[in-house]
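Data first, discussion second: the structure below is written as structure tokens.
Each chain gets a letter, A, B and so on, in the order the sequences are listed, and its residues count up from 1.
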There are 2 protein chains.
Amino acid sequence: MQGWEDIRAEVLRRIRARIWPPGGLIPGEEALAQEFGVARATVNRALRDLAEAGVITRRKRAGTRVAELPVRRARLDIPVIRLDVLARGQAYSFDLLADRVQPAPVPVTARLGLPEASPLRYLETLHMADGRPYVLETRWLNPAILPDPAPDFARVSANEWLVTHVSLVSGDIAFTAEPASAREAEVLGIPEATALLVAERTTQGTGGPVTWVRLAHAPGHRVQMTF
Amino acid sequence: MQGWEDIRAEVLRRIRARIWPPGGLIPGEEALAQEFGVARATVNRALRDLAEAGVITRRKRAGTRVAELPVRRARLDIPVIRLDVLARGQAYSFDLLADRVQPAPVPVTARLGLPEASPLRYLETLHMADGRPYVLETRWLNPAILPDPAPDFARVSANEWLVTHVSLVSGDIAFTAEPASAREAEVLGIPEATALLVAERTTQGTGGPVTWVRLAHAPGHRVQMTF
DNA sequence: AAGGCTAATATGTCTATACATAATACAAGT
DNA sequence: ACTTGTATTATGTATAGACATATTAGCCTT
């Protein structure tokens, strides 16, 4: 025993117990290593983990301080829709409703950091579970990142192709609740203005902006995360 | 150069380039260390990071393999509502609409892992930004985790008190879109059946189940995450 | 063939030491 | 006073070597 996880636990205990108050400086790695009778690397491992968890903030020379407000972090595993459906024990299928190149609307180009009205590939895909509408995917795709013989998105969904073939570096997701538009109501087979859980995602790759997606989930959908 | 981030980048490149295909075994740490001319610990750091990111899976003796399906992970910083509002440059206030102890409904006790109809503290809080409804918080709280002179939730919101005083160990959040109920419509000052973004959160602490919360956000609310 | 023991092996972690890097404090020069 | 350079210091990372632990392959027994 006296592994890095024990060190982490003890440090966390002292923070919770207000022995080291929020915003306060805690002893340096060297001091803690000596106190606990372990190597500095072990203390470093423990503190690095706590910093990742948002419990403390660390800066060179300035030392380590207890975070003013402990932020709780939850992790979302962004699923490939096909597997998400299969994991529910349902059969997966999808329909490519639209596939054309056209100038993207301003909100899309703006978020991707592309010039206004850039011609992007527009894809509309209806994902289905057991033949019933599951998610309506609306996607704008930067054609510059596609290989020359472009993949056939009628066979492999764009979603899945991108995950396995493009090395994404960063992005963001936002969840909102929106009333179903006339088009969404029709495609998903639900009454207009039904409350829909909508996810909007922007992703940037090493070779520039990749894609902007909007996922309108069928009613009742839950996005689950753990921490 | 030749730091652990360089090693990580090179390993990632080979995975993307299909040199090490999905599901395939990659060379052991010792071998990679030798190839890159670094210590094993450095390779370990790089691979551990990739494992955390979900790109590879590692098991003792079995070795390291490329994940079949690279899962993208996004991190959500669960905000303390007060700070969330302040960050938007708005004034924060809240109203404690209800505070009583009563037997909790079955779905709540079930999720918390408590016996049916356990008496729990029920709190209903309306959080406001610039005096306008922001979030309606509905909370069931396990009284067993509270200190003897229980905190005054009319002064410090339960949300905030818990974050700073209870060491939570695990929990889960789920987001859904739901039509506003009559009560929610009234309290939030919106038409009934408006699409609401709802977050449901269950948290477990070291001393047993802590709380179940439902947050009904005002229309237009976005939950933002990055990866 | 089935089950159980054992040895081999890849990852996990710790130690001690060293150098790198960033941020600060302080002194020197303008 | 203001800027600039420099020393100091805490964290970040690297190294080599060692032991711990989980898991598997293969052998051995029944």
Quiz item: How far apart are the C-alpha atoms of A:Lys60 and A:Glu29, what are their side-chain angles, what is the distance that settles it, and do they pass the salt bridge (charged side-chain N to carboxylate O under 4.0 Å, His left out) test?
Solution: CA-CA 12 Å; A:Lys60 292 182 190 180; A:Glu29 296 188 344; over 6 Å; no
Self-check item: Charged N-O contact under 4.0 Å between B:Arg48 and B:Glu52
Solution: no
Quiz item: Has A:Arg58 got a side-chain N or O lying under 4.0 Å from the OP1 or OP2 atom of D:dG12?
Solution: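 Indeed, a polar side-chain atom of A:Arg58 lies that close.
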Self-check item: For A:Arg214, salt bridge (Lys or Arg N to Asp or Glu O under 4.0 Å) partners two or more places apart
Solution: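 Partners of A:Arg214 by the salt bridge (Lys or Arg N to Asp or Glu O under 4.0 Å) criterion, ordered by chain and then number, come out as A:Glu178, A:Glu184.
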Quiz item: Can you list the residues that meet the salt bridge (Lys or Arg N to Asp or Glu O under 4.0 Å) rule with A:Arg8, with sequence neighbours excluded?
Solution: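 Applying salt bridge (Lys or Arg N to Asp or Glu O under 4.0 Å) to A:Arg8 gives A:Glu5, A:Asp49.
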Check the side chains of [Y] and [X] for a donor-acceptor pair under 3.5 angstrom, ignoring hydrogens and angles.
X	Y	value
B:Thr211	B:Arg139	yes
B:Thr64	B:Arg58	yes
B:Arg222	A:Thr176	no

Practice problem: Please say whether the positively charged group of B:Arg45, taken as NZ for Lys or CZ for Arg, lies over the ring of B:Trp4, i.e. under 6.0 angstrom from the six-membered ring centre and within 45 degrees of the axis. | Solution: yes
Self-check item: Separation of D:dT13 P from A:Lys60 NZ (nearest whole Å)
Solution: 7 Å
Practice problem: Provide, to the nearest angstrom, the distance between the CZ atom belonging to A:Arg61 and the C1' atom belonging to D:dT6. | Solution: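 These atoms are roughly 12 Å apart.
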Exercise. Return the residues of residues 20-29 of chain B meeting this criterion: a heavy atom under 4.0 Å from some atom of DNA chain C. Order them by number, or give none.
Key: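 Residues of residues 20-29 of chain B that come under 4.0 Å of DNA chain C are, in numerical order, B:Gly28, B:Glu29.
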Quiz prompt | Within residues 32-57 of chain B, residues whose heavy atoms come under 4.0 Å of DNA chain C | solution = B:Arg40, B:Asn44
Practice problem: Kindly state whether the ring of B:His221 and the ring of B:Tyr134 have centres lying under 6.0 angstrom apart. | Solution: yes
Quiz prompt | Span of DNA chain C in contact with chain A (heavy atoms, under 4.0 Å) | solution =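 On DNA chain C, the outermost contacted nucleotides are C:dT13 to C:dA25.
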Quiz item: Which residue pairs pass the side-chain hydrogen bond (donor to acceptor under 3.5 Å, both in side chains) test when at least one of the two sits in residues 143-163 of chain A, sequence neighbours left out?
Solution: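 Of all non-adjacent pairs touching residues 143-163 of chain A, those that pass side-chain hydrogen bond (donor to acceptor under 3.5 Å, both in side chains) are A:Arg82-A:Glu160.
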